[in-house]
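See below for the structure under consideration.
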There are 2 protein chains.
Amino acid sequence: MVVSNPPRAAAPPTAVMPERKRLTLKDLAAEIDVHYSTISRVMNPATRHLVAEDVAARILEVAEARGFRPNRIAAGLRTQRSGLVGVVLPDISNPVFPPILAGIESVLAQQGYVPIVVNAGTDKSRQRFVIDQMIGRQVEGLVLATAERDDPILAYCLKQHIPVVTVNRGDDTGRVSCVVSDNLLAMRQTVDHLVGLGHRRIGHIAGPATLSTGFLRREGFLQAVKRHRLRRGEWQVMEAASYSREAGRLACEQLFAAFPQVTAIAAGNDLVAMGCYDYLREHGMRCPEDVSVVGHNDMPFADALTPPLTTVRIAVHEMGEEAARLLLRKIDKPASDAVTVQLTPQLIVRGSTAAPRAAE
Amino acid sequence: MVVSNPPRAAAPPTAVMPERKRLTLKDLAAEIDVHYSTISRVMNPATRHLVAEDVAARILEVAEARGFRPNRIAAGLRTQRSGLVGVVLPDISNPVFPPILAGIESVLAQQGYVPIVVNAGTDKSRQRFVIDQMIGRQVEGLVLATAERDDPILAYCLKQHIPVVTVNRGDDTGRVSCVVSDNLLAMRQTVDHLVGLGHRRIGHIAGPATLSTGFLRREGFLQAVKRHRLRRGEWQVMEAASYSREAGRLACEQLFAAFPQVTAIAAGNDLVAMGCYDYLREHGMRCPEDVSVVGHNDMPFADALTPPLTTVRIAVHEMGEEAARLLLRKIDKPASDAVTVQLTPQLIVRGSTAAPRAAE
DNA sequence: CTGAAAGCGCTTACAG
DNA sequence: CTGAAAGCGCTTACAG
């Protein structure tokens with residue numbers, strides 16, 4: 001690491017630049033000849049009509065010229081509305097989250113809200129700490145992407161009477177609104193596709209059962225396998241310790257140990273699918289010739305993997321938008337019921353799935 | 001999209017739950033028998049010693065039991081410190097930014113700051129709007145990942161006397177601190193590698209020259225090519241309209257039109273490199289057998305592309321951390337000079353580069 | 001060691 | 001239509 005201090009640019013003419021304080025209503029009122037409450041009324045479009053047009057025009061002009069921006073924080077203190085919403089992510093480096101975040105932000109912005117985003121990891125006490133911070137900052141509501149099926153954090157938020165919405169992952173108890181993708185349907189699509197190709201030995205590498213996505217996708221897999229009348233010994237489920245590439249590789253190894261005849265794998269998500277790729281490659285098996293793999297999420301660049309990954313596309317951006325809408329509604333009407341919004345996923349068939357070898 | 005309203009859970013026993021207002025110092029003071037200013041002193045570790053130990057203990061106990069969390073916003077109004085820092089991103093879905101953001105957040109958190117993140121796109125007037133919003137929210141400083149080489153937005157921030165730091169991209173004028181990767185060195189590493197493999201016809205697909213990364217990587221390419229005494233006709237530069245896969249594909253097409261003999265491409269970044277992959281594949285050329293490709297950034301999953309991408313790894317997380325540190329310093333000492341922190345990149349050789357065909 | 005008061009920058013009834 | 005006042009929830013000199 002190199003640090004370079006460029007030579008000081010020509011110093012300001014006369015010693016210290018006065019640390020220009022931000023303008024306030026009163027400063028402006030002193031310049032124009034009006035009471036500062038009048039300026040306040042003009043700055044807010046909703047109350048502007050209370051002021052005579054010519055006065056308003058003059059005020060606006062000066063405000064613009066002087067670059068006056070009312071202090072939203074002071075306003076928020078007075079009105080009891082911070083305009084802040086907290087977004088709690090388990091891991092922003094997981095490529096599912098950025099588009100969700102973008103969706104959230106886009107609808108919040110329309111309503112004059114701004115998100116405070118934190119990476120809270122998976123540790124519950126850290127999550128709680130982070131949420132306390134946000135509450136201290138007067139967030140009006142919370143979007144949690146960290147929810148578990150029976151999440152103490154959710155109970156905590158509920159106790160605080162703070163509006164909460166869960167995104168991507170749901171909560172089993174139905175206490176809070178959530179927007180999720182239809183995981184049962186997704187797994188049905190996945191298994192239908194695999195069976196349609198001729199596969200009869202199918203493995204599922206599930207995500208953690210503590211997460212609704214892990215639990216529900218496993219359920220969906222089970223239901224689908226039953227629908228196709230696969231028998232015991234024709235399918236197998238292995239749980240990965242987390243939604244990560246490495247955990248996927250490990251679980252894939254265990255799957256092959258328990259079920260060596262497997263010809264197709266429905267992975268809990270795309271990262272897990274990548275772990276499967278890693279395992280297969282290490283063990284000289286080709287995908288899809290020897291083993292087919294299906295992912296979940298259709299993360300960015302899933303199409304650019306080798307082979308391009310067949311996966312389930314979930315409506316990430318829309319998911320974020322919808323979560324923000326739900327939260328805004330809840331903030332507006334705290335008494336409104338919890339709602340579950342379920343988005344329809346779509347199987348994207350690419351190069352990682354093919355018919356099993358003729359040998360079958 | 002399916003929306004389901006679960007049947008109302010057993011309604012709360014007696015009609016409306018009183019919208020529990022958040023506790024304040026005064027509420028607490030009423031419960032205990034002290035003045036609220038005393039509680040204030042106890043809640044802040046720095047002033048706690050001013051209060052008698054037994055009183056402090058009792059206050060802490062009640063505060064904890066009642067889940068009291070002081071209103072940071074009100075405190076900020078009083079102390080003129082919001083504890084907020086604005087982070088302006090061009091596009092959070094570009095995989096370089098999440099790790100940078102994570103780095104920023106991690107050091108901010110240590111100091112009790114919290115980031116407000118916005119996706120501001122590339123449009124300058126939108127960026128300005130967004131920054132005005134943030135200033136209105138009293139951010140104490142700004143981290144810009146959107147900087148251009150001579151950026152009016154930067155000038156604007158400077159005029160407002162708001163502490164600013166630029167990350168990933170620098171600004172030519174040296175007016176603000178920035179943390180960047182050493183782009184000249186990176187391109188030297190890239191060209192050395194390619195020449196070392198035996199390539200003598202090398203193309204560079206540059207990022208936009210308005211961005212420091214685009215400009216400097218092009219400079220670095222030029223310098224490197226000169227060092228190796230490649231002659232005119234042995235190298236070529238083509239500029240992509242943006243750092244995107246599609247723009248990369250297009251520029252690659254133009255490169256081949258202008259310079260069909262090219263055997264190796266140094267791409268402006270990994271997305272552009274992916275665009276090159278797309279073009280090559282469409283036109284029946286194999287990478288690296290027919291054409292070698294080098295990326296820049298080592299974004300997540302660059303190793304999982306086909307072929308695994310040889311690319312320059314930049315220290316993204318560290319970049320974010322350092323930017324946050326620089327900003328915090330500037331907030332602390334507004335008079336401190338602008339500093340450029342340059343992180344050392346590292347060429348990661350993978351499967352997308354090889355010796356040119358023997359034919360040479 | 002603790003209390004009482006002023007004030008951060010706003011909004012918004014309340015008068016006039 | 002405009003002004004004067006109170007108050008949002010804190011912090012922090014200033015007394016005592």
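Predicted, not measured: the structure shown is a model, and the values here were computed from it. Quick note on labels: first sequence line is chain A, next is B, and so on, each numbered from 1.
Residues that satisfy the side chain to side chain contact (heavy atoms under 4.5 Å, CB included) test with A/K124, not counting sequence neighbours, are A/Q127, A/E148, A/D151, A/P152, A/I153. Residues meeting the side chain to side chain contact (heavy atoms under 4.5 Å, CB included) test with A/S336, sequence neighbours left out: A/K330, A/K333. Among residues two or more places apart in sequence or in another chain, the salt bridge (charged side-chain N to carboxylate O under 4.0 Å, His left out) test is passed with A/R149 by A/D172. With sequence neighbours excluded, no residue satisfies salt bridge (charged side-chain N to carboxylate O under 4.0 Å, His left out) with B/D123. Residues meeting the salt bridge (charged side-chain N to carboxylate O under 4.0 Å, His left out) test with B/D27, sequence neighbours left out: none.
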Could you give the side-chain donor-acceptor pairs of residues 97-110 of chain A under 3.5 Å, partners two or more places apart or in another chain?
unit_1: A/E105; atom_1: OE1; unit_2: B/N119; atom_2: N; d: 2.8
unit_1: A/S106; atom_1: OG; unit_2: A/G103; atom_2: O; d: 2.9

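Contacts classified as side chain to side chain donor-acceptor pair (under 3.5 Å) and involving residues 68-79 of chain A (residues at least two apart or in different chains) are given here: A/R69-B/D132, A/R69-B/Y156, A/R69-B/Q160.
Looking at A/D337 and A/R329, no side-chain N of the basic residue comes within less than 4.0 Å of a carboxylate O on the acidic one, giving no salt bridge.
For the pair A/H35 and D/dA4, the criterion of a side-chain N or O lying under 4.0 Å from OP1 or OP2 is met. Put simply, A/T38 has a side-chain N or O that comes within less than 4.0 Å of OP1 or OP2 on D/dG3.
Atoms CD (B/E53) and C1' (C/dT2) sit 16 Å apart, rounded to a whole Å.
Consecutive Watson-Crick or G-U pairing (both distances under 3.5 Å) extending over three or more pairs maps onto DNA chain D as C:1-3 with D:14-16, C:5-12 with D:5-12, C:14-16 with D:1-3.
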Under 4.0 Å protein heavy-atom contact, by nucleotide of nucleotides 8-16 of chain D - B base, S sugar-phosphate only: BBBBBB---
